[in-house]
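Quick notes on the structure that follows.
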Amino acid sequence: MAVAISAPGRSAYLPLGHSVLALPSPLPVDEALAVLRPLLEDPAVRKLSASGKRDRVVLGRLGAGVEGLGFDALLASYLLDPGRRTYALEDLVLEFLGERRPPGTGGVAGEDAAVEATARAAGADADAVLRLDGPMTAKLEQEGLLPVYESMEMPLIEVLADMERAGVKVDRALLVAMSRDMEAQLAALTRDIHRLAKGEFNINSPPQLREVLFERLGMKSGKKTAKTRAASTAEDVLEELALVHELPRRILEYRAVQKLKSTYVDALPELIDPATGRIHATFNQTVAATGRLSSADPNLQNIPIRTPEGRRIREAFVAEKGHRLLSADYSQIELRVLAHLSGDPTLIDTFRRGEDVHDRTSREIFGALSAIPPDEQRRIAKMVNYALLYGKTAFSLAKDIGVSRKEAEAFIEAYFGRYPRVRTFIDDTIARARETGHVRTLLGRLRRLPDLKSKSFPVRMEAERQAMNTPVQGSAADLIKRAMIDLDRELHERKLRSRLILQIHDELLLEVPEDEGEKASSLVKRVMEGALELDVPLVADAHLGRSWAEVH
DNA sequence: CTGGAAAGCGCC
DNA sequence: AAAGGGCGCTTTCCAG
């Protein structure tokens, strides 16, 4: 980390990734260093420097004496084209300033070696970012992206910084105990599997499993893998095979345990920060093409919940002593967004009446006199509701719900018959996207989709699904981001000690002092429901508990 | 030893 | 002829 002094006598800037932090100007160099030195020497900050999440941690700790965040070229370039693979500063400099920089002048500033070279590199970065401000801001303005940049993505930086710094408490002993249990389960399953396979092999290896199932035991293979067109051993194939042989069922059980153990139970304790006893994930703001956040190191947005065994992992996510966890999640956020964007009267009516949308769809497409049992009807209706959102075809819907392609087609037709504006919304969205080359969310966030004009049919179809899904998924992301920023401000204004600690797409998790539980509950619910005014009500449910497993 | 591709699967 | 949108992580396997 180095302090970059740009435009001497005017300001000092600390480069943070692709952004610059402006110190009060004019500020002499030694005063700038005085502000920053305590941060740079903070052991927690130094330790994090290798992991790449230093920038936000530093930002989260900045206090008095810092003006605020200057221009952020990373966020700007993300908003201008969120589908890009990388946003290297070099590329932005070439693109917006028409300059080629010699390789190696940028990059992450190291702590120890070659302080002077490091300072020069950081200075070059800060300088580049400052000069990108003009042209990139002009481009944001021209593309109608300035409001999202200024009122959403920039304010969100500090919210995410605080969230990462807060982290979440994890019960290490509980995970270690679970790991021992699972070890024994895997050992037993391994013995069964090798016996049934008439020989030992690596169960974790799809190629070896493929050989056992389809050659040694001569089972009939189902679908092929995407890349190598080899016989797939994926879950749905093994489910089929489980009907005729005992082995596939055991493999599925083995995989379920192995997945939970390796990805969560064994991995999470390793990521507990010894200094805080908590896990501090990184919430990436410039990865998802739709505008969603992503979480990494660890990914806390995919902690199991679906199965009872997996759900137990959430028991290890606990509140600090004297605190509770508060979870608040949107109810059917994407279907509400779809209702709003499409303007479909029936769908809007459903949400305005506070009806269960899957029940309503079930009634709409099956009518009163269907031979299918009601539970089955609702299950199908739910799948149809979501299938349409993702651009699922009758072919794959049929396989999912276990009916013929003809029947699946009939369900989809019935759906569009009852929700006609959803069909026109999808068709119009794709048609307009083909003309403009992009789609937009509620708040104007943009995603470019050049592949809509691809000569390749599958590539083109994929782009069409993205065109219909992105406004829905991306608008939902807009909503929750707005809620996070509003909530953060309200918590500060009311001087509450409750802290936002996780975001999981449609859910916010807070850690709240026991005496603030009710106050924080009603606040988070109110803020989430009022994030944006739609043609349908937004509904958020909040629950308090001692662990993440308790709050759903 | 590292890096990447592939397969598979956890979540919304 | 392909066949559900968006992510990140684990393991295996192979190349350098």
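What's counted below: heavy atoms across the whole structure, side chains too, no hydrogens, waters or symmetry copies. By convention in this document, chain letters (A, B, ...) are assigned in the order of the sequence lines, proteins followed by strands, and residues within each chain are numbered from 1.
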Can you find a donor-acceptor N/O pair under 3.5 angstrom joining the side chain of [X] to the base of [N]?
X       : N       : value
N302(A) : dG10(B) : yes
R292(A) : dC12(B) : yes
Q466(A) : dG5(C)  : no

**Request:** Determine if Y390(A) stacks with dG4(C); use a centre-to-centre distance below 5.5 Å and an interplanar angle below 30° as the criteria.
**Result:** no

**Item:** Distance flag, aromatic centroids of F425(A) and H340(A), threshold under 6.0 Å
**Value:** no

**Asked** Is it true that F411(A) and F366(A) have ring centroids separated by less than 6.0 Å?
**Response**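 Yes, ring centres under 6.0 Å apart.
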
**Asked** Whom does dC1(B) pair with, Watson-Crick or G-U wobble, provided both distances fall under 3.5 Å?
**Response**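 Its partner is dG16(C).
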
Just the rounded figure in Å: distance from [atom2] of [N] to [atom1] of [X].
X       : N       : atom1 : atom2 : value
K224(A) : dA1(C)  : NZ    : P     : 16 Å
E464(A) : dG6(C)  : CD    : C1'   : 18 Å
N299(A) : dC12(B) : CG    : P     : 11 Å
F283(A) : dC12(B) : CZ    : C1'   : 13 Å
Q258(A) : dA7(B)  : CD    : P     : 19 Å
M461(A) : dA2(C)  : CE    : P     : 13 Å
F411(A) : dG4(C)  : CZ    : P     : 17 Å
R447(A) : dG6(C)  : CZ    : C1'   : 8 Å

**Among V357(A), I426(A), L389(A), the one residue meeting side chain to side chain contact (heavy atoms under 4.5 Å, CB included) with L338(A)** =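 Answer after filtering V357(A), I426(A), L389(A): L389(A).
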
**Message:** Any donor-acceptor pair under 3.5 Å linking the side-chain atoms of E164(A) with those of T282(A)?
**Reply:**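 The criterion, which ignores hydrogens and geometry beyond distance, is not satisfied for E164(A) and T282(A).
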
**Asked** Side chains of Q285(A) and E153(A): donor-acceptor distance under 3.5 Å anywhere?
**Response**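 The criterion, which ignores hydrogens and geometry beyond distance, is satisfied for E153(A) and Q285(A).
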
**Asked** Closest to the D297(A) side chain: dA3(C), dC9(C), dG8(B)?
**Response** dC9(C)

**Message:** Roughly how many Å apart are dA3(C) and dG10(B), using the C1' atom of each and rounding to a whole number?
**Reply:** 23 Å

**Asked** Which whole number of Å gives the distance between the P atom of dA7(B) and that of dA2(C)?
**Response** 15 Å

